[in-house]
Amino acid sequence: MTGPPGAAAPGPSAAPPATGPAHRAVPPRRALLAGAAGNFVEWYEFGVYGCFATVIAERFFTPAAAGPDPAAPLLAAYASFAVAFFFRPAGALLFGRLADRAGRRPALVLVIALMTLATTLIGLLPDRATAGAAAPWLLVLLRAVQGLCAGGEFGGAVALMTEHAPPGRRGRYGAWQSFTVALGLLAGAAAAALTASLLSPAALSGWGWRIPFLLALPLGLTALGLRTALPGPRTRTPSPEPAPAPAPGLGTVRAVVLGVGRIMGWSAAGYTFLVVLPSYLQSTLGASFREALIATTLANLGFAASILPAGRLSDRVGRRPVMLAGALAVALCALPFLHLLRDPDAAAPAKAAALLAAGATVGLLAGPGPAMLAEMFPSSVRCTGLGLAYALANAVFSGCAGLIVTALTAATGDPDVPAYYAGGLCALSALALAGLRGDDHRGPLR
């Protein structure tokens, strides 16, 4: 049982887990680097996939295979995107339990190794013209593997960073998880933009799209080296705590559900503004591929710029006011933001500022979010609990964002669907965030 969600119990905030295997102390910056490196690789791949969704739709999901609807190939590509998210909860349970029972390092090493392998194989995968009907199924299989790994990545990485954070700095250390998400998405967008600028459209569609996926191999090997070098569990010493990590109980389930409510707005707004935006701009507003990538890069720059300051601010004033400000800002501004983007008379600097601001509002949620989730669970189920909450929120509200937004926009002809989706879920999330205790950031981790 976890006790009341968000409650804190005595104990040093930077202490290693009290149950499960004993752990050697890890220097805070070393824990930060090892945890953040894997997040960067994971989200680099997701950024690349989001940028190349239209190309992947053409290469793997043809109109003949997906149906007569011209939007069907893009919907199929987003469906394969969503598959990875629906495997995340299973990965959170599988690798989370491994991390809670055997230590953070084994789980983190395994997930980055499998993620790197799957991403590299996507870059080598034969398309439909070569492999026929098997091509989309192979892509879906690799996306499922990525989903399992991503589900285990968040819980282990956030636990590692927050458990070894200096006192009073959990917010800023946890914010590095989100910051490396932004860096990964920016790197993915930059790799896609550079590839598109160097190659002709025919070459980009034919083989050039594979290059950014293959770049995940050296990136992943670097992250794997950093994690392998972490100290592992040492021989168990006598402890008054029970040896095995207990299975999650009713209190954990309750905290997971509450955690999903608190971050579903973050999930929806993040994917609407930072990942789905390129395809939305192309399919709905008629933007070129390069214009869509520039817009996405600006939104991600705003996101990246606000994350670490938001995490630091939450260490001073609390998680609740910072995250509430972000959720309410998205709820109120999502619709005016899309109207500005569609206005042909709006100045380019105004549109650029709006894109930066949209990303920054998501950063207000993403900066304090990891520490907020870590503070909701005791060490014995922390990886499992926070990983599962994050995975479920992402599976439902992020993984389906492209699918839902594209399908509803095509069905209704209303270009404001993304604003309704992100703004509505952030409004609901604000209700859940209002219940956060104001002093959770001051107490030690349980």
Side-chain angles (χ1 to χ4, degrees), residues 39-40 42-57 74 77-78 81 178-199 201 204 208-209 211-213 215-216 266-307 330 333-334 337-343 346 348-363 365-366 394 398-399 401-406 409 415 417-419 421-422:
N39 285 307
F40 174 85
E42 174 195 341
W43 290 97
Y44 166 84
E45 188 280 334
F46 276 92
V48 168
Y49 193 97
C51 289
F52 284 115
T54 53
V55 177
I56 289 172
L74 185 57
Y78 276 131
F81 188 76
S178 297
F179 185 60
T180 49
V181 169
L183 291 181
L185 290 172
L186 280 170
L194 181 61
T195 305
S197 66
L198 294 176
L199 299 176
L204 180 69
W209 65 270
I211 296 174
F213 284 97
L215 288 176
W266 167 18
S267 299
Y271 273 79
T272 301
F273 295 153
L274 306 178
V275 177
V276 174
L277 191 62
S279 296
Y280 169 79
L281 292 174
Q282 292 174 79
S283 62
T284 305
L285 304 186
S288 70
F289 184 65
R290 288 182 176 85
E291 289 171 338
L293 286 178
I294 291 171
T296 305
T297 300
L298 287 172
N300 277 280
L301 282 172
F303 177 54
S306 67
I307 291 171
V330 174
C333 299
F337 163 69
L338 284 192
H339 286 177
L340 178 62
L341 287 186
R342 292 204 306 272
D343 185 357
K351 292 184 178 183
L355 288 162
L356 288 167
T361 57
V362 182
L365 294 163
N394 277 269
S398 293
L403 196 60
I404 293 172
V405 167
T406 304
T409 302
V417 167
Y421 182 75

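In this text the structure is predicted, and so the values were computed from the model without any measurement. Residue numbers count from 1 along this sequence.
For the pair Gly359 and Leu274, the tightest heavy-atom approach, listed with the atom from each and the gap, is CA-CD2, 4.4 Å. Across every non-hydrogen atom of Ile307 and Ser178, the tightest pair is CD1-O, 3.3 Å. Taking both residues in full, the closest heavy atoms of Thr195 and Gly208 are given as CG2-O, 3.4 Å, listed atom of the first, atom of the second, then distance. In plain terms, the two heavy atoms of Gly188 and Tyr44 that are nearest each other are N-CD1, 3.5 Å. Between Val330 and Ala422, the shortest heavy-atom contact is CG1-O, 4.0 Å. When every heavy atom of Ala192 is checked against every heavy atom of Phe52, the shortest pair comes out as CB-CE1, 3.6 Å.
For Leu194, the side-chain contact (heavy atoms from CB on, under 4.5 Å) test picks out Ser197, Leu198, with sequence neighbours left out. Residues forming a ring-ring contact (aromatic ring centres under 6.0 Å, His included) with Phe179 (at least two apart in sequence, or on another chain): Trp176. Applying the ring-ring contact (aromatic ring centres under 6.0 Å, His included) rule to Phe213 yields the partners Trp209; only residues at least two apart in sequence or on another chain are considered. Applying the side chain to side chain donor-acceptor pair (under 3.5 Å) rule to Asn300 yields no partners; only residues at least two apart in sequence or on another chain are considered. Not a single side-chain contact (heavy atoms from CB on, under 4.5 Å) links Ala305 to another residue, sequence neighbours left out. Residues passing the side-chain contact (heavy atoms from CB on, under 4.5 Å) test with Ala354, sequence neighbours excluded: Phe337, Leu340. With sequence neighbours excluded, the residues that form a side-chain contact (heavy atoms from CB on, under 4.5 Å) with Ala360 are Ser306.
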Checklist entry - Step by step, would you call Ile294 with Thr297 a side-chain contact (heavy atoms from CB on, under 4.5 Å)? => result CA-CA 5 Å; Ile294 291 171; Thr297 300; 5.6 Å; no
Item to check | Test log, rule side-chain contact (heavy atoms from CB on, under 4.5 Å), inputs Leu183 and Asn39 | outcome: CA-CA 9 Å; Leu183 291 181; Asn39 285 307; over 6 Å; no
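Trp266 is not listed as a side-chain neighbour of Ser398, based on a closest heavy-atom distance of 4.5 Å or more. Two residues are said to be in side-chain contact when any heavy atoms from C-beta on lie closer than 4.5 Å; Cys333 and Thr361 fail this criterion.
Applying the salt bridge (charged side-chain N to carboxylate O under 4.0 Å, His left out) test to pairs two or more places apart or on separate chains, those with a residue in residues 43-53 are Glu45-Arg143.
To the nearest 0.5 Å, atom CG of residue Leu186 and atom OG1 of residue Thr296 are 10.0 Å apart. Atom CD1 in Ile404 sits 4.0 Å away from atom OH in Tyr421 (nearest 0.5 Å).
When ring centroids are compared, Trp43 and Tyr271 come within the 6.0 Å threshold.
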